[in-house]
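Reading through the structure tokens given below for one structure.
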Amino acid sequence: MADIDGAAETKDFHLDIPARNEAFFLKGSGALDWGIQNRLSRIFNPMSGKTVMLAIDHGYFQGPTTGLERVDVNIVPLVPYADALMLTRGILRSSIPSSCRNGIVLRASGGPSILKELSNENIALDMEDAVRLNACAVAVQVFVGGEFETQSIHNLTRLVDAGNRHGVAVLGVTAVGKTLTRDAKYLRLAVCICAELGAHIVKTYYCPEGFETVAASCPVPLVMAGGKKLPELDALKMAANAVNEGASGVDMGRNIFQSESPVAMIQAVGKVVHEGMKPEHAYEFFQTLKHDKKVEAPVGR
Ligand code: R5P
């Protein structure tokens with residue numbers, strides 16, 4: 001019980017200062033509950049409004065992946081430079097230190113391997129386990145135009161219901177089948193469906209023509225998928241273009257962990273995403289870090 005004998009009589013209620021009512025910093029997220037907003041603030045940096053999410057969930061359908069053979073050796077050194085990690089619960093529990101402060105985005109759909117029809121996914125994670133793992137979001141593939149399109153969309157909507165109940169965000173990942181074209185028309189369709197059906201974040205590929213219309217048609221934060229490994233300068237240009245054209249950051253895997261210097265590359269991507277550094281300058285920064293093996297002190301991690 002607090003000692004009230006010496007309690008000061010004078011109180012200051014700052015009657016001249018109106019109560020603060022700050023708008024939440026992320027697009028389309030102002031009406032979300034406190035818990036989801038707080039979790040989104042651990043994925044997206046509130047200073048820049050952007051994220052560098054490191055995707056390392058590839059093993060869930062394609063097995064051992066170049067660069068991810070030893071997450072403890074190859075990936076843990078990158079963790080301080082990522083805002084968020086997108087991964088499976090198996091890798092999180094087995095290989096990522098629980099002292100990490102990154103936003104955790106857990107893979108929540110799965111089923112088929114690369115040997116089968118990839119769109120035939122089910123929900124592969126209970127929201128209760130996501131909460132137990134302190135996840136900020138769960139990620140689900142949505143195969144618009146794919147053989148199991150409806151099933152994958154139901155996976156999304158069921159996770160959105162569970163996520164809203166528990167205060168966990170849902171990242172809808174637009175998975176583009178091999179026979180579909182990754183152009184603005186298709187991406188607008190896929191992105192819009194994810195957001196309309198309740199995804200709190202949407203992930204999609206960059207397209208050189210019309211990406212700004214894809215971003216504009218997405219009412220919630222859109223993050224750019226990395227895709228196959230490119231030369232570092234090209235990957236930095238793609239990230240810069242996506243952010244300049246409306247993306248709220250990137251969710252990149254192979255273009256970071258398959259780089260000649262992953263620790264330098266993730267920092268260069270961070271410069272482009274958070275500081276708006278020109279890709280050519282970020283590439284010079286990458287080269288310097290790579291050759292000097294210098295490691296910048298991570299900010300806020
Ligand atoms: C999407 O299909 C999965 O989340 C991938 O494992 C991941 O997003 C791929 O990342 P990236 O294409 O940048 O290597």
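Every number for a ligand or one of its atoms is a count from 1 in the order of the listing. The chain is numbered in sequence order, starting from 1.
- The distance from the CG atom of Leu106 to the CG atom of Leu125 is 5.5 Å, given to the nearest 0.5 Å.
- In this pair, His58 and Phe257 present their aromatic rings perpendicular. The plane angle is above 60°, beyond the 30 to 60° band.
- Residues meeting the salt bridge (Lys or Arg N to Asp or Glu O under 4.0 Å) test with Arg93, sequence neighbours left out: Asp129.
- The ring pair (Phe, Tyr, Trp, His ring centres under 6.0 Å) check on Phe148 picks up nothing, with sequence neighbours excluded.
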Pairs under 3.5 Å, nitrogen or oxygen of ligand 1 with protein nitrogen or oxygen:
residue  : atom   : partner : partner atom : Å
ligand 1 : 2 (O)  : Gln141  : NE2          : 3.1
ligand 1 : 4 (O)  : Asp57   : OD1          : 3.1
ligand 1 : 4 (O)  : Asp57   : OD2          : 2.8
ligand 1 : 4 (O)  : Arg107  : NH2          : 3.1
ligand 1 : 6 (O)  : Asp57   : OD1          : 2.7
ligand 1 : 8 (O)  : Lys203  : NZ           : 2.3
ligand 1 : 10 (O) : His58   : NE2          : 3.3
ligand 1 : 12 (O) : Gly227  : N            : 2.9
ligand 1 : 12 (O) : Arg254  : NH2          : 2.8
ligand 1 : 13 (O) : Gly226  : N            : 3.4
ligand 1 : 13 (O) : Gly227  : N            : 3.3
ligand 1 : 13 (O) : Gly253  : N            : 2.7
ligand 1 : 14 (O) : His58   : NE2          : 2.7
ligand 1 : 14 (O) : Arg254  : N            : 2.9
ligand 1 : 14 (O) : Arg254  : NE           : 2.8

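- For the side chain to side chain donor-acceptor pair (under 3.5 Å) condition, the pairs that include at least one residue of residues 108-120, sequence neighbours left out, are Arg107-Ser109, Ser109-Glu121, Glu117-Ser119, Asn120-Gln151.
- The CD1 atom of Ile91 lies 14.0 Å from the CE atom of Met86; values are rounded to the nearest 0.5 Å.
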